[in-house]
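Let me begin by presenting the structure, written as structure tokens, before commenting on it.
Just so we're on the same page: letters track the sequence lines, and every chain starts at 1. Quick note: numbers below take in every heavy atom, side chains included, and nothing from hydrogens, waters or symmetry partners.
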4 protein chains.
Amino acid sequence: MVTSPLRADAARNRDLLLATARAVLAAEGPTLQLNDIARRAGVGVGTAYRHFPTRRALVEALADDAFTALLGEAREANRHDDAWTGVAMLLRALLLRQLADPALTEILSTGPDQDATERTTGHRDEFTTLARGVLERARAADLLRPGLADDDLQHLVCGVVFALRIGDSLEERVDRYLQVLLRGIRAG
Amino acid sequence: MVTSPLRADAARNRDLLLATARAVLAAEGPTLQLNDIARRAGVGVGTAYRHFPTRRALVEALADDAFTALLGEAREANRHDDAWTGVAMLLRALLLRQLADPALTEILSTGPDQDATERTTGHRDEFTTLARGVLERARAADLLRPGLADDDLQHLVCGVVFALRIGDSLEERVDRYLQVLLRGIRAG
Amino acid sequence: MVTSPLRADAARNRDLLLATARAVLAAEGPTLQLNDIARRAGVGVGTAYRHFPTRRALVEALADDAFTALLGEAREANRHDDAWTGVAMLLRALLLRQLADPALTEILSTGPDQDATERTTGHRDEFTTLARGVLERARAADLLRPGLADDDLQHLVCGVVFALRIGDSLEERVDRYLQVLLRGIRAG
Amino acid sequence: MVTSPLRADAARNRDLLLATARAVLAAEGPTLQLNDIARRAGVGVGTAYRHFPTRRALVEALADDAFTALLGEAREANRHDDAWTGVAMLLRALLLRQLADPALTEILSTGPDQDATERTTGHRDEFTTLARGVLERARAADLLRPGLADDDLQHLVCGVVFALRIGDSLEERVDRYLQVLLRGIRAG
DNA sequence: TATGAATGAGCCTTCATTCAT
DNA sequence: AATGAATGAAGGCTCATTCAT
């Protein structure tokens, strides 16, 4: 079954809702209210529910661009000659993409069983595969602290994101925290 | 003026409410609702509000034991001969206490301006002082990665707590993550 | 922009709420509770709040007809040839409209700063202007006891309404009290 | 049955409650809350309820002094040589006492059937008798507008009180409004 | 398909009153 | 007699979701 292309007006509404939700998410934190988004988008609640039957579906749609970009960066990390540089690229991308889009953090911090769309599950699987590649290479070269599972790394990055969001002046702390993480997971 | 000891029945209710809240917090996450706690404790809503006028007051009361214990451990870390061991003791205590009591994480992850009681503000100040002592000693011995502020450390530990809570089998991951953090913040 | 006409069902609910509120107000005094009105109207609370976001908005809507009618009568009073008859018409209308609709008394007895709608503020302003016209004409002809401000008159009528509502058999006392007032404010 | 004299401490508490209630009434309007009064008086709620089992009982106790003083003035009015002066004295006293003590207005604006104490009922009866005397004398001398019942006068004064309380700068309006009333009720 | 009115469960909070201490 | 903790009905309001138009 192929998803039928949206009618022009339906597509416009969908984009409008996403743009509005993104703005609200950035400005007011992760308490998305479909009602509120619909009103601000100048669209009926019913329309909002048609496009995004659950809050989760909306969050996934919001995160989709960031997730796609992240996959591209993960592929690049995988291709890089130097194994450790690959790890650094991967984690850096994972960190920055989440900082730039809180919706992505919500997706990555929760289980795949909560995914509303197959698309997100697919992204998740692909990312897992790519990350495994990057990390296995590093492990093969004894660059990674022994005992760290792939999931551990992903969780730790989420943790760093959380740590960064606690205080102010986030931007100037990003590299500091990233270096701590990288040094911490490195062998030796 | 000394706070008068509670009447026996009042003390019983207070404890009942705290125990209930602790159980709910552990089982269902940080969405404490005073009404709900009161109902589950088999106590009138009014009683809950008398003891804890706001959600924050309840969380602080919940966290109080853990916070007190943490202070004791921080003092111990401060007294330890070896500066680096002191740091490890401090961060380990900070990590374990939060894992054991989610209320403590809420207190530590939010601003002091939200504190409802002076007692909590006092704890916070004392912890800050103790931590500064521990960390300054380590800095004086060039044991700590340059550029890390005291707050950074506290935030990073909160981040590790967050990371640990994302997945399952939390206990077996604790030491792994803690080692990553310690290695990451160590100089050299 | 014209206020769009309500959908048929919305209009029905609005009218239902107003009718219910009017009945309750007449029967049980000025303690309007939105929750209660909604329940009695057989309508969800949310519906009540959608139509009347505050108690004040409801009271203003209730008083609207009476206020509009009062404005008509005030215009008529203003146009009447005889200045004193104009005064009598004005005060009589002010008195009778309040007796017929307690909501109007609430509006007139409280400050314009509490108005929820511009419409009510507009009514209030227009009434003030009309009343000033009527009273100025009477003052110019030395028919009004010196020293009485426009506001005094309005307050005194509210006072007479209050006096009438204290006891029973209201109707037969109206003219008596009105005559007392008219004689009292007349010069000489 | 004679009311037993209060123990000294009980009398002290009673006075304390009354003084507090009077202050609150003056400062914050007629929404007396027994709980609140008790707390402000530094007395247990239970004690407040012992002394004043209902809100009404408290209001009556509050009004008692004013009511007693009013009776004295009514007697004086009754004794005055000039019948019309007697009326003026009576109404003036009735007006000023209410302005000075809102509790008195509440008593006078409600039915005798709501009285909690016999004492208040007695006051009410005595006042009625005295007022009847004053007014009958005036009627006998054809000084009073025909058709006005004793109750009408009392209600009208309550209305004037209400009118005075609507706006600001109450004091400077008292005499103006009182003159309106006196002129209005006078024959001719 | 789009709309937005309607719904009502459910949370927060207050306060009059009772009753154990 | 005094105290004040406990109670819980009740009111205010929000918001996720459904459904008539």
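A salt bridge links B:D36 to B:R39: at least one charged side-chain nitrogen sits closer than 4.0 Å to a carboxylate oxygen.
A:R22 has its side chain within reach of A:D101: a pair of non-hydrogen atoms, C-beta onward, lies under 4.5 Å apart.
Contact annotation: C:H51 does not reach the phosphate of E:dA5 (side-chain N/O to OP1 or OP2, under 4.0 Å). Residue C:T47 has no polar side-chain atom (N or O) positioned under 4.0 Å from OP1 or OP2 of E:dA5.
In terms of modelled atom types and a separation under 3.5 Å, the side chain of C:E60 and the main chain of C:T117 share a donor-acceptor contact. A donor-acceptor pair is defined here as one N or O able to donate and one able to accept, closer than 3.5 Å; no such pair exists between the side chain of B:R14 and the backbone of B:H51. In this structure, the side chain of A:T110 engages the main chain of A:I107 through a donor-acceptor pair within 3.5 Å.
Here E:dC12 presents its C1' atom at 14 Å from CG of B:L58, a figure rounded to the nearest Å. The distance from atom CZ of D:R39 to atom P of E:dC15 is 10 Å, rounded to the nearest whole Å. The distance between atom CZ of D:R55 and atom C1' of E:dC15, rounded to the nearest whole Å, is 14 Å. For the pair C:D9 CG and F:dT18 P, the interatomic distance rounds to 19 Å; values are reported in whole Å. Regarding B:L17, its CG atom lies at a distance of 13 Å from the C1' atom of F:dT7, rounded to whole Å. Taking atom CG of D:L16 as the reference point, atom P of F:dT3 lies 10 Å away to the nearest angstrom.
One finds the CG atom of D:L17 at 8.0 Å from the CD1 atom of D:I37 (value rounded to the nearest 0.5 Å). In this structure, the separation between CG on B:L18 and OG1 on B:T20 is 8.5 Å, given to the nearest 0.5 Å. D:L34 CG to D:T47 OG1: the interatomic distance, rounded to the nearest 0.5 Å, is 11.5 Å.
Nearest nucleotide to the side chain of B:R50, out of F:dA5, E:dT3, F:dA2: F:dA5. When each of E:dT3, F:dA16, E:dG4 is scored by its nearest atom to the side-chain atoms of A:Y49, the top-ranked nucleotide is F:dA16. Side-chain proximity of A:V45 to the nucleotides E:dT14, F:dA2, E:dA5 is greatest for E:dA5. The side chain of A:N13 lies closest to E:dT3, out of F:dA5, E:dT7, E:dT3.
The strand DNA chain E forms stems, runs of 3 or more Watson-Crick or G-U wobble pairs with distances below 3.5 Å, at E:2-21 with F:2-21.
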Going through the checks in order, is the side chain to side chain contact (heavy atoms under 4.5 Å, CB included) test met by A:V24 and A:Q33?
CA-CA 10 Å; A:V24 170; A:Q33 298 174 202; over 6 Å; no
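Shown for residues 24-36 of chain A: residues whose heavy atoms fall under 4.0 angstrom of DNA chain F, namely A:Q33, A:N35.
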